Amino acid sequence: MTAPTEALPSSWHNWSGRLTAQPSRVIEPRDSAAVAAAVKDAARAGLRVKAAGSGHSFSEIAVPDDVSLRLTHLDGIIDCDESTGLVTVAAGTPLYRLNQALAERGLALENMGDIDRQTISGATATSTHGTGAKFGSISTQIRRLEIVLADGSIVTCSPTERPELFSAARVGLGALGIVTAVTLQCVPAFALHVVEETMSLDRAVEELDSFVDDNDHFEFFWFPHSRLASTHRTTRLPGNAPLQPISQRRSKFDDDFLADVVFERLLRFGSRYQRTIPAITRAGARALGGRDFTDMSHNAFASKRDIRFNEGEYAIAREDAVDVLREIRRWTESHDEKISFPLEVRFVAADDIPLAPTYQRDTCYIAFHQYHRMQYATYFGALEGIFGAVGGRPHWGKMHSLSADELRSLYPQFDTFVAMRDKVDPTGVFTNSYLNRTLGAPSNGSQR
């Protein structure tokens with residue numbers, strides 16, 4: 001058995017810097033056997049274990065109380081069948097490295113979000129998604145999982161092998177075990193033609209259904225202090241389509257200079273003199289000029305995000321999207337709340353994963369953000385109320401205040417998932433305060 005590598009205790013923090021922890025042990029296992037050994041040792045000592053990915057969750061889902069497993073050595077493609085597109089990847093692999101490795105093999109993820117810094121296990125555990133009404137989250141691409149359970153056993157699950165565990169673990173919240181390998185159904189490499197256009201919010205909302213249905217992928221960003229929307233209309237093309245990517249010079253100016261330097265400095269100023277925030281965000285909305293480009297999917301899907309912020313996101317039924325957007329607009333225009341970041345509106349297909357926010361519901365996701373130096377409680381709380389009125393389900397990796405009792409009413413298979421958690425982790429080896437709040441304490445977790 002490979003022994004885990006134990007580092008000196010050190011602090012943990014998430015990407016935004018809002019969450020910090022001081023785990024008693026930091027372990028860097030080199031393979032699944034070392035993960036199993038670390039879990040067994042922790043369980044014998046009565047300690048709780050959390051796997052650490054990139055820290056890109058805004059919720060407390062990955063905060064380590066006792067033992068932090070850093071999966072940096074579990075990296076890369078383990079097996080690839082280019083003829084079927086089935087690819088097994090180590091759980092700690094960041095999406096940006098996975099995308100490059102797939103591209104070298106003529107493959108791609110079917111869909112993905114606009115950030116590629118997350119690990120594959122962290123992204124799937126929280127139902128990370130992109131946009132496209134015909135496409136599901138990354139978790140819907142899973143075909144097999146390798147998981148270390150609370151007793152230290154290493155198990156595999158799929159639709160035919162431990163199918164009940166597989167069904168739940170595709171969006172497992174880190175509550176069922178430590179995922180060490182993920183097998184994905186990938187697709188042949190493809191290109192994307194992206195048209196970015198700024199238009200009135202009224203038009204974006206009034207023509208929303210046609211924008212969503214007439215494009216393979218559609219999303220828009222809306223700065224609440226303006227009445228402008230930055231729309232992104234995207235069409236899938238064959239992998240051998242002629243490419244016209246954004247020039248390096250344009251990318252550096254738009255993304256590195258305007259977004260990362262100018263906008264960040266303006267927001268830092270605005271966080272001190274908050275009366276200037278509406279003018280800053282209106283200027284930001286007007287500065288989002290149109291772009292038209294074609295690039296390979298992994299380059300076009302992902303964007304650079306260096307400005308720190310806090311974020312919440314809710315999944316609502318697609319048919320409620322227009323009414324909810326209008327209600328958000330009414331709230332922002334009737335309150336003197338300074339909002340520094342745009343809302344992001346995306347669309348995802350229904351699936352059958354018990355704790356996916358898209359479970360049995362074609363979905364509109366609405367994400368809301370605030371610059372990390374500004375208070376967010378009033379704004380986030382108001383939007384949670386608006387989403388709650390239509391049965392909104394929170395993104396597990398984003399900030400929200402819901403409890404197990406509230407979430408149970410939103411998920412038909414909630415108790416089925418909790419029963420599976422209690423079966424494979426009855427004493428709460430993998431729990432933390434967030435999971436105790438959102439799932440309830442494990443059935444025999446009093447010792448922790």
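Being a predicted model, the structure only gives us computed values, none of them experimental.
In summary, D415 and R408 engage in a salt bridge, as defined by a charged side-chain N under 4.0 Å from a carboxylate O. Looking at E110 and K134, no side-chain N of the basic residue comes within less than 4.0 Å of a carboxylate O on the acidic one, giving no salt bridge. Under 4.0 Å is where a charged nitrogen must lie from a carboxylate oxygen, and between R170 and D352 at least one such pair does. Under the 4.0 Å criterion applied to side-chain N and carboxylate O atoms, R318 and D213 are assigned as salt-bridge partners.
With S24 contributing its side chain and D66 its backbone, the two residues share a donor-acceptor pair below 3.5 Å. In this structure, the side chain of Q370 engages the main chain of K338 through a donor-acceptor pair within 3.5 Å. At distances below 3.5 Å, at least one donor-acceptor pair connects side-chain atoms of S137 with backbone N or O atoms of S139. In terms of modelled atom types and a separation under 3.5 Å, the side chain of R117 and the main chain of P94 share no donor-acceptor contact. Listed for the E406 side chain is a donor-acceptor partner under 3.5 Å among the backbone atoms of S403. Although no hydrogens or angles enter the test, the distance criterion places a donor-acceptor pair under 3.5 Å between the side chain of D362 and the main chain of A350.
D351 pairs by the side-chain hydrogen bond (donor to acceptor under 3.5 Å, both in side chains) definition with T358, not counting sequence neighbours. H217 pairs by the side-chain hydrogen bond (donor to acceptor under 3.5 Å, both in side chains) definition with R236, not counting sequence neighbours. E337 pairs by the salt bridge (Lys or Arg N to Asp or Glu O under 4.0 Å) definition with nothing, not counting sequence neighbours.
For the side chain to side chain donor-acceptor pair (under 3.5 Å) with E313, the lone residue among R393, H400, H129 that qualifies is H129.
In this structure, the side chains of P394 and L407 come closer than 4.5 Å at one or more pairs of heavy atoms. Within the 4.5 Å cutoff, no side-chain heavy atoms of T234 are placed close to those of D216. F220 is listed as a side-chain neighbour of L325, based on a closest heavy-atom distance under 4.5 Å.
Between the side chains of Y371 and E264, at least one donor-acceptor pair of N or O atoms lies under 3.5 Å. Between S401 and E384, the side chains place a donor N or O and an acceptor N or O closer than 3.5 Å (distance only, hydrogens not considered).
Taking the six-membered ring for Trp and thresholds of 30 and 60 degrees, F387 and Y314 have nearly parallel ring planes, at less than 30 degrees apart. Ring orientation note: the planes of F309 and F58 are close to parallel, at an angle under 30° on the 30°/60° scale.
In this structure, R144 is not positioned above the aromatic face of F166 in the sense of NZ or CZ being under 6.0 Å from the six-membered ring centre and within 45° of the axis.
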